Amino acid sequence: LISSATNSLRLEAEILEKKLQDAQLKLAEKEAEEKELESLQSLITELEFQLTMEKDSHESCLESMRKEMRHKADELEKLSQERTCLIHSLTQVQEENALLQDTVRRECEERGELTAALAQARERVLELKQLSGTFP
């Protein structure tokens with residue numbers, strides 16, 4: 001009876017030891033999983049921080065580019081206005097130049113006419129002198 005009880009207790013002890021080993025193995029696996037989970041959570045936190053930093057950097061860069069774009073647009077507007085003003089001035093100068101050229105052309109024509117009239121008058125005077133020389 002004692003031997004049977006001892007065997008029975010030994011068998012039960014072996015079963016319990018096996019269960020204990022299984023439980024310890026599961027516990028070790030669970031602890032490893034928890035450590036891996038913590039490691040992954042830490043990695044996620046770090047990556048989220050890096051993402052936030054990069055996002056802030058990109059937003060800063062984008063804002064800088066927007067400011068530069070507004071500045072360039074203002075410069076372009078100013079240059080466009082200056083160009084319009086210069087075109088207007090050029091048009092006025094061209095009109096004035098055309099008017100002056102027309103005036104010079106008319107004055108040259110008048111001078112030519114006056115020169116021709118003067119030459120004709122000289123010829124007439126010479127003719128008159130010659131005629132007056134033959135008449136007393």
Side-chain angles (χ1 to χ4, degrees):
L1 185 61
I2 293 178
S3 175
S4 173
T6 304
N7 283 337
S8 176
L9 285 175
R10 258 191 218 148
L11 185 59
E12 196 176 322
E14 288 176 7
I15 292 172
L16 288 175
E17 278 184 31
K18 176 94 168 112
K19 286 182 180 179
L20 177 63
Q21 287 175 354
D22 287 344
Q24 286 175 340
L25 184 62
K26 286 181 182 177
L27 180 62
E29 287 176 359
K30 187 175 180 180
E31 287 175 352
E33 287 176 358
E34 286 177 358
K35 283 183 181 179
E36 186 177 351
L37 182 61
E38 287 177 12
S39 174
L40 289 173
Q41 286 175 339
S42 175
L43 181 61
I44 288 172
T45 302
E46 183 180 332
L47 290 173
E48 285 176 343
F49 177 73
Q50 287 179 358
L51 180 64
T52 302
M53 294 300 287
E54 285 186 27
K55 183 180 173 186
D56 290 346
S57 174
H58 289 309
E59 286 178 3
S60 174
C61 185
L62 184 62
E63 183 60 31
S64 175
M65 287 180 174
R66 284 181 181 145
K67 285 180 182 178
E68 185 176 342
M69 213 165 112
R70 282 191 296 268
H71 178 69
K72 295 291 183 187
D74 291 344
E75 282 183 20
L76 181 61
E77 179 64 28
K78 183 180 176 184
L79 289 173
S80 293
Q81 289 175 354
E82 193 174 315
R83 179 179 173 265
T84 302
C85 186
L86 288 172
I87 289 173
H88 180 68
S89 295
L90 178 62
T91 302
Q92 287 179 334
V93 167
Q94 287 174 336
E95 289 174 0
E96 187 178 328
N97 188 24
L99 180 64
L100 289 173
Q101 286 178 346
D102 188 51
T103 301
V104 167
R105 183 190 49 79
R106 279 186 277 126
E107 287 181 358
C108 287
E109 288 173 0
E110 287 177 17
R111 183 176 178 175
E113 291 171 3
L114 289 174
T115 303
L118 181 59
Q120 193 177 21
R122 282 186 183 155
E123 287 178 21
R124 188 90 169 127
V125 168
L126 284 175
E127 287 176 13
L128 289 175
K129 280 186 181 179
Q130 288 175 354
L131 288 177
S132 66
T134 55
F135 295 109

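Note that this is a predicted model, so its numbers are computed, not measured.
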Ignoring hydrogens and angles, tell me if any N or O in the side chain of Thr52 forms a donor-acceptor pair with the backbone of Glu48 under 3.5 Å. yes
Does Glu36 CD have over 12 foreign heavy atoms under 6.0 Å away? no
Please determine which of Leu99, Thr103, Val104, Asn97 meets the side-chain contact (heavy atoms from CB on, under 4.5 Å) test together with Gln101. Asn97
Carboxylate-amine/guanidinium contact Lys19 Asp22, below 4.0 Å: no
Is there a donor-acceptor pair closer than 3.5 Å between any side-chain N or O of Ser60 and the backbone N or O of Asp56? no
Between Glu14 and Lys18, does any NZ, NE, NH1 or NH2 come within less than 4.0 Å of an OD or OE carboxylate oxygen? no
So Arg124 and Gln120, do their side chains get closer than 4.5 Å, heavy atoms only? no
Using only atom types and a distance under 3.5 Å, with no angle test, would you say the side chain of Ser8 pairs donor to acceptor with the backbone of Ser4? no
Would the number of heavy atoms belonging to other residues, nucleotides or ligands and lying under 6.0 Å from CZ of Arg83 be above 12? no
First locate atom CG of Leu16, then atom CG of Leu11, and finally report the distance between them rounded to the nearest 0.5 Å. 9.5 Å
Determine yes or no for a side-chain-to-main-chain donor-acceptor pair under 3.5 angstrom, with Thr6 supplying the side chain and Ile2 the backbone. yes
Sub-4.5 Å side-chain heavy-atom contact between Val125 and Lys129: yes
In Å, rounded to the nearest 0.5 Å, how long is the span from CD of Glu82 to CD of Glu75? 11.5 Å
Rounded to the nearest 0.5 Å, how far apart are OG1 of Thr91 and CG of Leu86? 10.5 Å
Reported CD-to-CD distance for the pair Glu33 and Glu38, which is rounded to 0.5 angstrom: 12.5 Å
Could you tell me whether the side chain of Glu63 reaches within less than 4.5 Å of the side chain of Glu59, counting heavy atoms only? no
About how many Å separate CG of Leu62 and NZ of Lys67, when rounded to the nearest 0.5 Å? 11.5 Å
Donor + acceptor pair across side chains of Gln92, Glu96 (<3.5 Å): no
Interatomic distance, CD@Gln94 vs OG@Ser89, rounded to 0.5 Å, equals 11.0 Å
Output yes when Asp102 and Arg106 qualify as a salt bridge under the 4.0 Å nitrogen-oxygen rule, no when they do not. yes
Is there a donor-acceptor pair closer than 3.5 Å between any side-chain N or O of Ser80 and the backbone N or O of Leu76? yes
Got Lys30 and Lys26 here, is their nearest side-chain heavy-atom distance under 4.5 Å? no
